[in-house]
Structure formats: C-alpha cells, structure tokens
Amino acid sequence: MKTDNTELFENMPVPKAVITLVILTVISQIITVIYNMADTFFIGQMNDPNQVAAATLAMPPFVMLTGIANLFGIGGSSLISRSLGVGDRKKAEKCAAFGIWSAAAAALVYGVIMYLVRTVIFPVLGTDANTYGYCSDYVLWTITVGGIPTVLNACLAHLVRAEGYSKEASFGVAFGGILNIILDPVLIFPLKFGLIGAAMATMLSNVAAMVYFILLLHKNRERTVIKFSPKNYTLQQGIPKEILFVGFPSFVMMLMGVFSNMVLNRIVVSYSNQAIAGMGIAKKIDMLAFAIANGMTQGVLPLIGYNYAAKNHPHMRLAIRTAFLYSVAVASVGAVFLFACAVPVVRGFIDDAKTVAYGQHFLRIICITCPAVSVTMMIISVFQATGQKTKPMILSLLRKGGLDVPFMFIMNAVAGADGIPWATPIADCLAAGLAILLFLPYRKQLQKTMEHILETE
C-alpha cells in the first residue's frame, strides 16, 4: 500500500482519477447488493413467501448497521482526506482511530439492544405468527452476532478509500460479498439451515472481510495513517464533532430509510405476505441502480475533499462535474434496463405468481427514480467532502421519511397497493429538485472563493 497520494489526487488527469476511484467502488457496491440479493434469491428458491417476507421485514434494522458504518466511515473519510490535503498526518491517524473504535462500540451496543427488545420491535416491523420466528433468527445472526464485523467491514473500506486506495477497499468489500454468495446455497440447502443459513452466511462473510482489512492495515502499519492503536483515539481537536457532523447526514439517510421501509412494510403487509415478499424483491433489485450512484459518490468524495483542502478548486470542480455526468448517465441506463426486464428478473427470484405480479409492478415504478437519486446523492457527497453540515442534513431528512412517508399514505388511500410504490419517485424527484436549488448558489460561492485565492496569490 502506498502513502503518496499526490499522483492520484493532484497530478492525474481528472477523468482518469475519477474513473480510478469510482470504478472499483461501484463494483464493490454492486457485489454488496448482489450478495444481499443472493439472500433473497436463495431464500426464494424454497418458494416460501413467509421466509422471504421475514427477510424483508428484518432488512430495516440490518440496514442500520450500514448507517453506523457511514456515520463514522464517511465522516472519518472526509476529515482524513482533508487532513492529508493540508499535510497533517497525525490528525488523520487520530481521525481513523476515533472512527474505528467508535464504530465498533456503537455496533456492539446496537446489536445487544436490538435482540433484547425484539419482542417489542418485531411486531412494529410488521411480523406475524408466520414470520416472527424467522425474523428473530435472522436478526440474531446478522445484527447481534454479526454487527461488529458488518460495521467494521464497511467503515474500514471508507477509511482506506480516503487515502486513495480504492482498489484495496473495493477488494475487501467484494471478497466478503463473493464469499456470502458461495456460502448461501451451501448453508441453506445441503446443510438445511434455511433462512438461518442465509443469515449465517452474511455474518461469516463480513467476519472474513473484516479480517482482510485488519491484516491489510497491519501489514502496512508503517505507511498508512489508519491504525488500530487505542493510543491514537482522542476526543480532542474537534475530531469527534467534525466526523459526526459530516457523517451524520449519511447516518440520517439510512435512519430515515429504515423508518421509510418500516412504514412501507407495515402498509404493504396489510394486503398479504405475497405483497410484502414481492415488494422486498423489487427493492432488492432496485438497489443495484442505487448502489451504482452510491458507489460513484463515495468513490469521488476523497478526491473532492483533498483538492478542496489543498485549495485546488479547478481540479475539484472538474471532478464534481465529471462524476456527476457519469453517475446520472449510468443510473439512467440502469433504470431503463430494470423497467424493461422487470418480469423475468422478479420471476428469477421466486416461482409464485402473485408474488411476481406484485414484484414487477413495484419494480417498474420505483426504478424510474434512479437518475433523481444519483443527482441527490452526488450533491450530498459534494457537501460532505467540503465539510458542509446543514445542507446534506436537510436533503437526507427529506429524501427518505420526510417526503415519501406522507405520500405512501396518500397513494395508498387513493389507489391501494398499486399506488403505494409511486411515493418513491415522487419523493426522490422533489428531493433532487431541492438538492439542485441548494447546490447552485453553493457552486457560485466556491467559484468566488477560488477567484479570491487566485487574486491574493
């Protein structure tokens, strides 16, 4: 692992630098989604809508682990890249230590609490007598037992990427994903663990990925700023505040996403377990397009943050524009593909006519929001990379939970189950519009800052 980021962050042509950082991040994000889809796919091969529904209902609390990882990982990544941009390696080391140990502690507490309050939480999620046991088993293995490795896997990927090492970060995430895909059918079918096998596969794959990152960083401990030594952990220099404030919008986005999915599950499950199973399959498939947008924004964040701190604003602006165009273009292609192939794709997950009917209907509606999501995510990433706090918070609150939940109730009242998925594109398009309105004046502000720096030099 190298330590000199000058070539990538400063000297490499911007389009090439963006591609270098983004492509492997996107691949790792896609593999992550694929292994999440693999759980649903292999569970669906048992043709039991109750188990598919249980995995769907357990997904919101599991996604909160990603929220914890983003809180400390994205916040830490932004501050590390900005610290490196001004040559402050000591502060970067302290940022990494704070992110790692705080993320692990938060995951442990969350996992224990979630299992202890399951009898209260699960009915709120929408479980019934047919799904409660399955949901409880899934949460035990993925959150209570697997919480720390799941969080550290994602958190360490963010931090490693902050030094410009997208290849190593992406390999670690991809390694865990591929292992999960391999373990799923083995544990579900020959060993006959069913849904528990899928949960165990997720836990074991995240343990393996976490071990990979630990070994990688230990091997390169003399050259990387990401170290596990508790001596580097500090609450000084404003590090906790800066990391938490920058990472909080991503955490809130996940939190509001969990809230949104819980409400959606509660509404849809009132129709049937086939409806909730179909919706769960559709949302898993749609996550592919979201993963691409998310991967591109996460991948380019260190490049933007580094050049912002180094006051190389022309380089930064070109990186923003390049990543923005790539993200929207790829998301648009993904939306067209998912819309055109909705029926065969959903049918590949489960051979249940009613579940397939719900799934293809939901998928065709929610996939059309992909370009709008890419716009919002890119703008949020720019705000985070440049240390903004309020603006990404507003967008995170609105995109999930703030806008889509009211529209879920409205569309359910107007058109029933067929109308519920329309809440997603309505909310995302409104959020994208607001994101643009917030970004345009900020872009002018950055331009004025750049001109002032040039005048004073």
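Residues forming a side chain to side chain donor-acceptor pair (under 3.5 Å) with S327 (at least two apart in sequence, or on another chain): none. Partners of Q45 under the side chain to side chain donor-acceptor pair (under 3.5 Å) rule, at least two apart in sequence or in another chain, do not exist in this structure. Among residues two or more places apart in sequence or in another chain, the salt bridge (charged side-chain N to carboxylate O under 4.0 Å, His left out) test is passed with E242 by R82, K389. Among residues two or more places apart in sequence or in another chain, the side chain to side chain donor-acceptor pair (under 3.5 Å) test is passed with K391 by Q388. Taking the ring pair (Phe, Tyr, Trp, His ring centres under 6.0 Å) definition, one finds that F248 meets it with F251, sequence neighbours left out. Residues meeting the side-chain contact (heavy atoms from CB on, under 4.5 Å) test with L440, sequence neighbours left out: I436, R443. Checked against salt bridge (charged side-chain N to carboxylate O under 4.0 Å, His left out), R161 has no partners two or more places apart in sequence or in another chain. Residues passing the side chain to side chain donor-acceptor pair (under 3.5 Å) test with T369 are D428, sequence neighbours excluded. With sequence neighbours excluded, no residue satisfies ring pair (Phe, Tyr, Trp, His ring centres under 6.0 Å) with F42.
Judged by distance alone, with hydrogens and angles left aside, the side-chain atoms of S78 form a donor-acceptor pair with the main-chain N or O of Q384 at under 3.5 Å. N153 places no side-chain N or O within donor-acceptor distance of the main-chain N or O of P149, the cut-off being under 3.5 Å. Side-chain atoms of T144 come within 3.5 Å of backbone N or O of G111 as a donor-acceptor pair. Counting only distance, with no hydrogens or angles, the side chain of S332 and the backbone of V328 share a donor-acceptor pair below 3.5 Å. T322 places no side-chain N or O within 3.5 Å of a backbone atom of A319 that could act as its donor or acceptor partner. Under the 3.5 Å distance criterion, the side-chain polar atoms of N180 are left unmatched by any main-chain donor or acceptor of G176. Under a 3.5 Å cut-off, the side chain of T56 and the backbone N or O of V52 do form a donor-acceptor pair. With H361 contributing its side chain and D418 its backbone, the two residues share a donor-acceptor pair below 3.5 Å. With T20 contributing its side chain and K16 its backbone, the two residues share a donor-acceptor pair below 3.5 Å.
Between I226 and V160 the shortest side-chain heavy-atom distance falls below 4.5 Å. Using a 4.5 Å cut-off on side-chain heavy atoms (C-beta onward), I365 and T424 make no contact. Between I379 and L438, the closest side-chain pair of non-hydrogen atoms is not below 4.5 Å. Counting heavy atoms from C-beta outward, L57 and Y138 have side chains that stay 4.5 Å or more apart. Between I426 and D404, the closest side-chain pair of non-hydrogen atoms is not below 4.5 Å.
Across G278 and Y358, no two heavy atoms sit closer than the pair CA-CB, 4.3 Å. Between I276 and V268, the shortest heavy-atom distance links the atoms N-CG1, 3.7 Å. Nearest heavy atoms, L395 versus A431: CD2-O, 4.0 Å. Residue L338 comes nearest to C367 through the heavy atom pair CB-CB, 3.9 Å, listed as atom of the first residue, atom of the second, then distance. Here the shortest heavy-atom pairing between M411 and G419 reads CB-O, 3.1 Å.
Summarising the geometry, atom CD1 belonging to I148 is positioned 12.5 Å from atom CG belonging to N206; distances are rounded to the nearest 0.5 Å. Atom SG of C95 sits about 13.0 Å away from atom CZ of F72, to the nearest 0.5 Å. How far CG of L156 is from CG of L216: 9.5 Å, rounded to the nearest 0.5 Å. Separation of atoms CD1 (I80) and CD (E93) is listed at 10.0 Å; rounding is to 0.5 Å. Note that the CG atom of L125 and the CE atom of M59 stand 12.0 Å from one another [nearest 0.5 Å]. To the nearest 0.5 Å, atoms CD1 (I320) and CE (M316) are separated by 4.5 Å.
The ring pair (Phe, Tyr, Trp, His ring centres under 6.0 Å) pairs that include a residue from residues 316-349 are F41-F349, where partners are two or more places apart or lie in different chains. For residues 367-387, every residue pair satisfying the ring pair (Phe, Tyr, Trp, His ring centres under 6.0 Å) rule, not counting sequence neighbours, is listed here: F383-Y442. Counting only residues at least two apart or in different chains, ring pair (Phe, Tyr, Trp, His ring centres under 6.0 Å) contacts with residues 202-237 comprise F98-Y233, F171-Y212.
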query = Would V300 and M378 count as a side-chain contact (heavy atoms from CB on, under 4.5 Å) if you check the C-alpha gap in whole Å, the side-chain angles of each, and the deciding distance to 0.1 Å?
reply = CA-CA 9 Å; V300 80; M378 190 66 231; 3.5 Å; yes
ask   = What do the steps show when you test L301 against I74 for side-chain contact (heavy atoms from CB on, under 4.5 Å), and what is the final call?
value = CA-CA 9 Å; L301 188 149; I74 291 180; 4.1 Å; yes
query = Can L84 and R89 be said to form a side-chain contact (heavy atoms from CB on, under 4.5 Å), step by step?
reply = CA-CA 6 Å; L84 292 175; R89 288 180 58 84; 4.2 Å; yes
ask   = Does the side-chain contact (heavy atoms from CB on, under 4.5 Å) test come out yes or no for F407 and L430, once each step is laid out?
value = CA-CA 12 Å; F407 280 111; L430 290 174; 4.0 Å; yes
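No side-chain donor from either of Q237 and K91 sits under 3.5 Å from a side-chain acceptor of the other.
By the neighbour-count criterion of 12 heavy atoms within 6.0 Å, atom NZ of K227 is densely surrounded, having more than that number from other residues, nucleotides or ligands.
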